[in-house]
Amino acid sequence: MTAHSIEPYDFRAIETRWRDTWRKGGYFHVDTKARENTFYYLNMFPYPSGYLHVGHGRNYIIGDVLTRFYRMRGYHILNPMGWDAFGLPAENAAIDRGIHPREWTVKNIAHAKEQFRAWGIEYDWDREISTCDPDYYRWTQWLFLELYKKGLAYRKLATVNYCPQCKTVLANEQVVGGACERCGTPPEPKTLEQWFFKITEYADRLLDDLAKLESWPESVKKMQENWIGKSEGAEVVFKTEKGDDLVVFTTRPDTLWGATFMVLAPEHALVDKLATKEQKAEVAAYRDRAIRTSDIDRLSTERDKTGVFTGAYAVNPANNERIPIWIADYVLMSYGTGAIMAVPAHDERDFAFALRYGLPILPVIERLDRRARAFVPSSAVGGDFEKVARADELSIESVAGGFVIDCAWDNVNRAVRLIQTALEPNGWASVVGTRFAFIFHDAVIAHDSAAADREIVARCALLTGATFNARTAMEILTKIPAYEGLLFHAGVGTMQHSGRFSGTRGDQAKDIVTAWLEKGQKGKKAITYRLHDWLISRQRYWGAPIPIINCKKCGEVPVPEKDLPVLLPDVAFIGKMGLADIPGYADTTCPKCGGKAKRDTDTMDTFVDSSWYYLRFINPHDARRAFVRDDVDHWLPVNQYVGGVEHAILHLLYSRFVTKALFDMGHVGFEEPFARLFTQGMVCHTAYKCPEHGWLYPKEVADGNRCPHCQKPLENPYFSMSKSKKNVVDPSEIIDRVGADTERLYTLFMGPPDRDIEWSEEGIRGSFRFLNRVWALVVEATPRLAPRTAAADPATLDADGAALWRRVHRTVRKVSEDIQDRFSFNTAVSAIMELTNDLGRYLEREDADPALLREAVDTLILILSPICPFLGEELWRRVGHEGSPLEVGWPRYRVDALAADTIEIPVQINGKLRAKVAVPAEVAADAEALKAAALADPEVKAKLEGVELLKAIAVPNKMVSLVVKAP
RNA sequence: GCGAGGGUGGCGGAAUUGGCAGACGCGCUAGCCUUAGGAGCUAGUGCCUUCGGGCGUGCGGGUUCGAGUCCCGCCCUUCGCACCA
């Protein structure tokens with residue numbers, strides 16, 4: 001570059017100049033009546049919580065780049081923006097500041113819009129919506145009523161977290177570490193009538209239709225699948241001795257013969273009835289403790305399983321064994337039937353519980369490997385036992401305290417006979433694995449029933465004497481180190497010890513047992529989901545009121561559609577209140593009978609607001625309808641939806657549910673709301689933590705990474721940006737120092753968009769430097785450009801020129817594909833950088849071709865303009881054009897410009913790169929010609945001197961691989 | 001524990017279909033320029049080297065003319081779910 005000083009890149013002036021140009025030009029207004037070339041791009045709308053940091057910016061910058069790109073490609077692109085404006089943080093902030101949540105929300109929205117403007121991020125602002133606006137929540141209420149009419153909204157008693165200090169109900173997310181997030185008091189369970197949406201009715205469709213979502217990330221689909229948590233199995237009816245039916249759900253009906261006890265959730269309805277007089281007090285105490293602790297502190301995953309015997313018994317329908325009924329908090333009332341049959345031999349939790357409480361553990365499923373192992377204490381047999389076993393070709397090994405014999409399933413019996421023969425009269429041994437048995441000198445007792453278990457324990461106790469203290473056969477076995485890992489397995493295998501079902505193959509066992517249960521009316525095939533109905537009631541102020549009226553005479557009456565919206569009462573906000581606390585709000589008249597009635601005082605979960613907003617954007621101002629069917633049917637499903645992975649489950653699942661419900665009601669003609677989903681990674685940044693003073697702002701931190709208060713060395717963990725960790729970067733500071741274009745460029749360049757990335761000051765500087773180079777280069781080139789209609793003629797270019805010309809076209813193709821098909825903005829940016837580098841080198845030539853310069857410079861500006869729109873506008877005018885790059889259209893590439901005349905082909909000899917040959921393109925494309933050219937190359941010839949060529953492989957346009965043998 | 005990602009120079013990352021590993025950027029080194037700046041320009045920059053070459057994409061095997069990429073077995077790490085019967 002020449003040394004004379006040129007005009008500097010004045011990003012402040014440039015960004016100020018073009019800041020409103022797109023809005024004024026109406027470039028992003030779209031007519032939703034359009035039916036051709038339409039594209040619905042949607043970013044998840046934000047919660048207006050103060051201000052957006054550079055991490056939030058990533059999401060919207062990606063959207064803005066894509067929108068500008070599609071716009072240049074001639075699409076009618078719909079890219080709207082709105083505000084998920086209801087919710088708890090607004091109430092909390094309002095409480096702290098003594099203002100109304102609406103005031104706080106409105107202020108934040110205004111500030112966020114100003115941030116978008118500074119970022120150069122444009123939307124069709126005529127479509128702005130805010131969920132706290134009556135014109136919006138009126139239709140949220142309409143949605144509620146539609147679901148209600150369909151029987152998909154209903155009310156039932158449910159337990160919520162109630163904070164006795166704040167005197168209010170807490171949402172789950174307000175309970176942090178088992179305490180109220182505001183005051184730290186542990187919440188109490190409280191049972192209230194609550195509204196639910198019957199999402200479970202759609203569980204199967206929500207699960208099955210995931211397969212149709214081909215352009216969703218696999219991880220998100222998997223998360224939804226896990227969340228829905230479908231398990232297939234059977235319900236089995238156990239009769240209690242008092243005559244009640246106790247229904248359990250199991251995924252392993254084939255293990256029924258191994259069910260040696262039952263466990264109920266402490267809250268189970270039958271607990272009171274079942275508990276015997278002697279056990280009642282203990283049961284009640286355990287249950288009360290469980291109810292209090294269950295939801296509060298689940299964090300200790302590895303806590304011991306506890307439980308209490310109810311005193312009652314049930315009958316195992318498979319073998320009529322009498323089995324005890326326990327209660328334990330490891331069984332959850334919220335899953336299945338709240339009761340289980342415990343099969344301790346094949347369920348890890350049941351195994352631990354049974355060992356702890358001395359309940360029998362009976363193996364009923366064979367191990368897949370069908371191996372067995374016997375342990376023979378040395379005191380139980382004579383001195384020549386080892387020799388005898390060897391003579392019988394058994395694999396015997398001497399271990400501490402005795403011998404271990406490993407057998408395959410077909411020689412277990414032989415080993416057992418041998419051991420029995422060798423036993424002293426008071427000795428005993430055991431075998432586990434494919435066969436479980438205890439061996440005595442006068443009998444071999446299979447460990448296959450509770451009675452056998454008792455007999456084994458009694459015999460062992462007798463033989464062992466006072467030191468014996470095991471309660472079950474399994475407990476004896478767990479004390480033998482050689483058996484570690486062999487006593488328990490949860491695999492599917494052949495049934496054993498299961499009466500006439502013994503020997504049933506594992507792959508058929510479940511079906512065969514289920515069929516038998518159904519035939520004998522002892523149970524049936526059943527499916528259980530982890531997914532629960534969606535609790536939408538919030539006892540809060542800042543949300544959409546539930547449009548239901550309770551009349552003493554008529555009962556539950558929906559508010560007639562003509563009376564919507566049910567407005568939030570416009571009262572001074574006093575904090576910590578729900579609608580129930582507002583005098584007069586609930587008083588109304590019954591729409592049916594006209595008598596006195598009460599309004600429902602719950603508001604809706606904000607996920608209801610966001611479960612349908614993507615529909616409202618199509619006709620945001622329609623006063624008569626939530627949306628227009630014909631229009632939404634055209635524009636939806638959303639072509640591209642982009643947001644944070646933190647919404648992978650709830651928001652996306654609720655939206656899918658609502659769409660399916662609306663489809664069933666005939667309101668929309670599609671079953672899935674979002675055709676393509678992309679989840680962007682988070683932006684991380686170093687945080688500073690003092691062990692004593694907590695999180696510190698970077699600017700507080702003194703030199704040497706020490707705490708300014710106590711001089712202690714600080715920890716520097718690396719976290720996604722969050723206010724609480726004080727590691728956010730404010731975009732206004734970046735924009736002020738290097739400009740929005742630099743921030744946009746850096747945000748895209750720093751890494752693949754689906755991965756978490758670290759914000760770095762050095763990276764910002766590099767991006768800023770690049771834009772300065774682009775600026776200088778274009779300013780430098782401007783007087784040397786051919787007129788703006790000129791295009792380069794490749795025939796007249798020299799080698800350097802032709803190379804640049806090819807680079808221009810290759811770059812257009814790469815950037816187009818990277819943006820549109822691959823969502824790979826970082827590589828698109830690096831391609832633009834490479835073009836800039838080449839252009840800079842070419843520009844150093846005095847005789848640079850003016851038409852080529854024109855083509856290269858124009859192209860560079862155009863493909864950079866979606867990423868750096870301010871600079872794009874400025875430079876486009878500078879090089880002599882009128883209007884915005886947005887009006888020009890995305891540049892096209894020439895296919896004939898993609899390939900060079902001469903291609904350099906690497907040559908490998910025995911897998912190692914040994915030479916490169918330059919060949920004409922038509923030679924490189926032909927395997928035989930390419931092979932010949934490589935072999936004729938002097939360098940290759942020299943390397944082949946004196947060796948024998950065994951094989952030559954030529955891959956057209958790629959490489960030549962030679963296999964040789966040294967003499 | 002279950003599920004899904006990820007592991008490549010000093011750092012962020014690239015390699016799209018099994019075909020030249022390290023594009024692009026940061027940092028660093030040397031030089032130039034300069035009324036000195038956290039500026040700009042030029043060159044270099046994976047490691048080792050006896051200057052022939054050798055080694056190199058978490059580790060160990062395998063397939064192949066050829067493996068960052070495919071297969072088998074491990075290790076580490078991030079995220080999500082987690083007593084789900």
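Naming convention: chains lettered A, B, ... in sequence-line order (proteins, then strands); numbering from 1 in each chain. Note that the structure is a prediction, hence the values are computed from the model and not measured. Hydrogens, waters and symmetry mates play no part in the numbers below; they use all other heavy atoms, side chains included.
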Residues forming a ring-ring contact (aromatic ring centres under 6.0 Å, His included) with [X], sequence neighbours excluded:
X	result
A:Phe749	none
A:Tyr357	A:Trp326, A:Phe353
A:Trp534	A:Phe197, A:Tyr654

Nearest whole Å is fine: how far is [N] [atom2] from [X] [atom1]?
X	N	atom1	atom2	value
A:Phe825	B:A14	CZ	P	14 Å
A:Leu944	B:C65	CG	P	18 Å
A:Arg530	B:G80	CZ	C1'	11 Å
A:Asn957	B:C20	CG	P	13 Å
A:Phe488	B:A85	CZ	P	13 Å
A:Asp350	B:C83	CG	C1'	10 Å

Partner residues of A:Glu904 under the side chain to side chain contact (heavy atoms under 4.5 Å, CB included) criterion, sequence neighbours left out | A:Lys916

Does a side-chain N or O from A:Arg914 land closer than 4.0 Å to OP1 or OP2 of B:C65, or not?
-> no

Does a nitrogen or oxygen in the side chain of A:Ser231 sit under 4.0 Å from OP1 or OP2 of B:A85?
-> yes

With sugar-phosphate meaning primed atoms plus P, OP1 and OP2, does [X] contact a base, only sugar-phosphate, or nothing at under 4.0 Å between heavy atoms?
X	value
A:Lys912	sugar-phosphate
A:Val263	nothing
A:Arg841	nothing
A:Lys230	nothing
A:Val963	sugar-phosphate
A:Pro752	sugar-phosphate

With the side chain of [X] defined as its heavy atoms from C-beta on, choose the nearest nucleotide among [options].
X	options	result
A:Asn226	B:G3, B:A85, B:U16	B:G3
A:Trp227	B:C65, B:C81, B:A85	B:C81
A:Thr250	B:C81, B:A85, B:C20	B:A85
A:Arg755	B:A14, B:C83, B:G38	B:A14
A:Lys916	B:A4, B:C20, B:A85	B:C20
A:Thr251	B:A85, B:A4, B:C20	B:A85
A:Glu844	B:A85, B:U42, B:C83	B:U42

For A:Glu348 and for A:Arg737, find the nucleotide of RNA chain B with the closest heavy atom, then tell me which residue's nucleotide is more 5'.
-> A:Glu348

Which sits closer to the 5' end of RNA chain B, A:Lys943 or A:Gly911, going by the nucleotide each is nearest to?
-> A:Lys943

Determine whether the side chains of [X] and [Y] contain a donor N or O and an acceptor N or O closer than 3.5 Å.
X	Y	answer
A:Thr827	A:Ser824	yes
A:Gln224	A:Arg656	yes
A:Tyr286	A:Thr306	yes
A:Asp350	A:Tyr330	yes
A:Thr742	A:Tyr9	no

Can you find a donor-acceptor N/O pair under 3.5 angstrom joining the side chain of A:Lys958 to the base of B:U17?
-> no

Is there a donor and acceptor pair, one atom on the side chain of A:Lys951 and one on the base of B:C65, closer than 3.5 Å?
-> no

What's the gap between [N] and [M] when it is taken at their [atom1] atoms, as a whole Å value?
N	M	atom1	value
B:C70	B:U57	P	15 Å
B:G22	B:A14	P	15 Å
B:G40	B:U8	C1'	33 Å
B:C71	B:G7	P	15 Å
B:A21	B:G58	P	16 Å
B:C59	B:G25	P	29 Å
B:U69	B:C81	P	32 Å
B:C2	B:G12	C1'	32 Å

For the atom pair CD1 (A:Ile527) and OG1 (A:Thr251), what is the distance rounded to the nearest 0.5 Å?
-> 12.5 Å

NZ (A:Lys221) and CG (A:Leu210) are apart, to the nearest 0.5 Å, by 7.0 Å

The glycosidic conformation of B:G66, counting syn as within 90° of 0 and anti otherwise, is anti

Is the base of B:G9 syn or anti, where syn means the angle lies within 90° of 0?
-> syn

Which letters describe nucleotides 21-31 of chain B, given B = protein heavy atom under 4.0 Å from base, S = only from sugar-phosphate, - = neither?
-> --BBSSS----

For the side chain to side chain donor-acceptor pair (under 3.5 Å) test, which of A:Asp754, A:Asp756, A:Asn59 pairs with A:Gln680?
-> A:Asn59

Would you write the dot-bracket representation of RNA chain B, where each base gets (, ), [, ], | or . depending on whether it forms a Watson-Crick or G-U pair under 3.5 Å and with which partner?
-> (((((((..(((......[....)))((((((.......))))))(((....)))..(((((..]....))))))))))))....

Would you check if A:Ile228 and A:Leu206 make a side-chain contact, meaning some heavy-atom pair closer than 4.5 Å?
-> yes

